[in-house]
Undergrad: 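My questions will all concern the structure given below.
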Amino acid sequence: MKPLIQLSHLSKHYKGFSAVEDVSLEIEKGEIYGFIGLNGSGKTTTIKMLLGMIRPSNGACYIQGQKIGLANYSLWAKVGSLVETPYAYSELTVKENLEIFRRLRRVSDPAAVQTVMDQLKLTKYADKKAGKLSLGNTQRLGIAKALLHKPEILILDEPSNGLDPTGIVEVRELFRYLAYELGVTIFMSSHLLGEVAKIATKIGVIHHGQLLQEIRTEQFKDLLNKRLVVDAKEKEKAMAALNHAGYQAIFNATGRIETITEHAVRHPDEISRYLVSEGFPPTHLAVEEEELESYFLRIITQ
Amino acid sequence: MTFFTATHMELLKIRKSKMIWITLAVFTMAPLMAGFFIFVLKNPELAESSGLIGDKAQIFGVADWPAYLSMLAQIIAVGGILVFGFVTSWVFGREYADRTIKDLLTLPSHRMVIILAKFLAVLFTNFLLSVYVILLGVAIGLVIQLPRLSYEVAMEGGFILLVTTILTLALSTLPAFLACYGRGYLAPIGFILFMVVLAQIIAAAGHGEYFPWAVPAIFSGIAGTGPALEIGSFLLVFLIGIVGLGATVSWWMYADQH
């Protein structure tokens, strides 16, 4: 099966600076692809090339097998997009903004505006001027514009920006519904790995313009560092006993004993038994998993 | 998206903006001022008692319809470069300043449709502004009851007004390009102001016919004589119009849109 979105050896160079370098990736139908990177890592430049706003220095982008270019403008009928912080015509109301894009996109159903306002909980702001909206509602309006024509593909740059925690959850659920129930393919960028990991089926990490790693979400568990954290009344002695047994224990930042030895992480029951037999019964014993953000930082600093 | 829909949406954006109503209010001042001066000129006793205003009003010569229509044409020639240029700068520059350009670039239409719709909306709006100034001016002239109104005077005055409007409109395409290139309003507005000042200097030096931004004013009779320009001057104005149009189209089609 042909990928729905394909970036092939994509590069963008400016004078003495490489914003994106040889990025290749493929996204299948119905996938949610999380494109993760720090600010300035090349996420937005990549998205702008995918949307035909910037010409690549090398390589090409394809949607449904068709190369992105000026002549293939009909492709955009199937694509909804949101690039950087969304903006709207500030002097027009929410409804007027959406109505303009309904007509420009030739969506024949006049109810489409109401439907998308209901979907994004914008109905009560329908007659409010876009310039008077909060950042969160401006973001909702941006997403509403992207969804107005029921696209098969969504390309979103930082779609959770400015949303409050409830909004983040609502939008996450909406994307899940679109991808899993309606088969919409979503390519979304973010600098928050934890947020993207909750819905993405695949994640690509970009840093200094290069795609460092692609991970399927189900692989994550295996990649995250794990550690066994132990506490005891006689900490010094308990740690000495663990080190004597070859577990390379140390005190962590919270003052508890910590070891990353694979055997200890896989068999915490044996560690418990061992400490009891040595006369230092544990008061706390837990296998802790590395935070996603910490994993992300580890990957990009390697 | 049809060209008609795109133009309709551009006109809607203009109609809903504060910009057009402020522009209209400012442009309204011009025929009111012209009417006031011609009224002072028509009433010598008022001119004597009004001192400086009376002296200034003498510049316009006689208080009749030919002089008054020429004055309206001068308003369009000079004021139009500023006002039409401002409208054009706003229509193109606001998409960059408000960052809404990204939504337009991902519409399932050829970019040419959007650009030409914008130009048509600008042309239509500026033409309406010109018609408004002329109609308001004529209404003021009728209220003042200026002498020498005849079919010939109306036709000649109408012709000068129409040609002056077209020449001024042609000069408003270059600000569109500068709005895109500068990604906002500042570059084109700065350019327009600079061109108006430069036009005064070059025209005063006697070379205005070679400087496109001075041509509409010279044609309107600002120098005190009737239209006495060679065809080359008109071609120069239309060349600038075509260059502005071509540059704007090229920018939308081929430049990276950050």
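All of these numbers come straight from a predicted model, not from anything done at the bench. Every chain is numbered from 1 and lettered A, B, ... according to where its sequence line falls, protein lines coming before strand lines.
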Undergrad: Is it true that atom CZ of Phe39(B) has more than 12 heavy atoms of other residues, nucleotides or ligands lying nearer than 6.0 Å?
TA: no
Undergrad: Would you say the side chain of Leu70(A) lies within less than 4.5 Å of the side chain of Tyr254(B), judging by non-hydrogen atoms?
TA: yes
Undergrad: Using side-chain heavy atoms (C-beta onward) and a distance below 4.5 Å, is Asp103(B) in contact with Arg105(A)?
TA: no
Undergrad: Might you confirm whether atom OH of Tyr96(B) has over 12 heavy atoms from other residues, nucleotides or ligands at distances under 6.0 Å?
TA: yes
Undergrad: Tell me whether the count of non-hydrogen atoms from other residues, nucleotides or ligands lying under 6.0 Å of CG in Leu186(B) goes above 12.
TA: no
Undergrad: Does any part of the side chain of Leu12(B), heavy atoms only, come nearer than 4.5 Å to the side chain of Glu99(A), both counted from C-beta?
TA: no
Undergrad: Run Phe101(A) and Met9(B) through side chain to side chain contact (heavy atoms under 4.5 Å, CB included) and show every step you take.
TA: CA-CA 9 Å; Phe101(A) 282 95; Met9(B) 292 302 108; over 6 Å; no
Undergrad: When you check the side-chain N and O atoms of Tyr89(A) and Glu95(B), is any donor under 3.5 Å from an acceptor?
TA: yes
Undergrad: Would you say CZ of Phe124(B) has more than 12 non-hydrogen atoms from neighbouring residues, nucleotides or ligands within 6.0 angstrom?
TA: no
Undergrad: Under a 4.5 Å heavy-atom cut-off, does chain A meet the side chain of His8(B), its backbone, both or neither?
TA: side chain
Undergrad: Other residues, nucleotides and ligands only: do more than 12 of their heavy atoms fall within 6.0 Å of NZ on Lys202(A)?
TA: yes
Undergrad: Please classify the contact of Lys129(A) with chain B as side chain, backbone, both or neither, using a heavy-atom distance under 4.5 Å.
TA: neither
Undergrad: Taking the six-membered ring for Trp, are Tyr14(A) and His258(B) parallel (under 30°), tilted (30 to 60°) or perpendicular (over 60°)?
TA: tilted
Undergrad: Can you tell me if Phe27(B) has over 12 outside heavy atoms packed within less than 6.0 Å of its CZ?
TA: yes
Undergrad: If I take atom CE from residue Met53(A) and atom CG from residue Leu104(B), how far apart are they, to the nearest 0.5 angstrom?
TA: 9.5 Å
Undergrad: Glu91(A) and salt bridge (Lys or Arg N to Asp or Glu O under 4.0 Å): which single residue from Arg94(B), Arg15(B), Lys16(B), Lys18(B) fits?
TA: Arg94(B)
Undergrad: Just how far is it from atom NZ of Lys13(B) to atom CD1 of Ile100(A), taken to the nearest 0.5 Å?
TA: 6.0 Å
Undergrad: Return the minimal non-hydrogen interatomic distance between Pro108(B) and Ala77(A), and the atom names on each side.
TA: CB-N, 3.5 Å
Undergrad: Is atom OH of Tyr210(B) surrounded by more than 12 heavy atoms (other residues, nucleotides or ligands) closer than 6.0 Å?
TA: no
Undergrad: As a quick check of understanding, evaluate side chain to side chain contact (heavy atoms under 4.5 Å, CB included) for Asp256(B) and Lys12(A), giving each step before the final call.
TA: CA-CA 11 Å; Asp256(B) 280 353; Lys12(A) 182 67 186 177; 2.7 Å; yes
Undergrad: Less than 4.5 Å to any heavy atom of chain B: does that hold for the side chain of Ala88(A), its backbone, both, or neither?
TA: backbone
Undergrad: Enter the distance from Thr106(B):OG1 to Leu82(A):CG here, rounded to the nearest 0.5 Å.
TA: 10.0 Å
Undergrad: Around atom CE of Met253(B), are there more than 12 heavy atoms of other residues, nucleotides or ligands at under 6.0 Å?
TA: yes
Undergrad: Could you walk me through whether Leu104(A) and Ile114(B) pass the side chain to side chain contact (heavy atoms under 4.5 Å, CB included) check?
TA: CA-CA 10 Å; Leu104(A) 290 177; Ile114(B) 304 163; over 6 Å; no
Undergrad: Which answer fits Ile54(A), side chain, backbone, both or neither, if we ask what part of it has an atom under 4.5 Å from a heavy atom of chain B?
TA: both
Undergrad: So Arg99(B) and Glu84(A), salt bridge (charged side-chain N to carboxylate O under 4.0 Å, His left out) or not? Walk me through it.
TA: CA-CA 10 Å; Arg99(B) 303 190 193 185; Glu84(A) 295 172 310; 5.2 Å; no
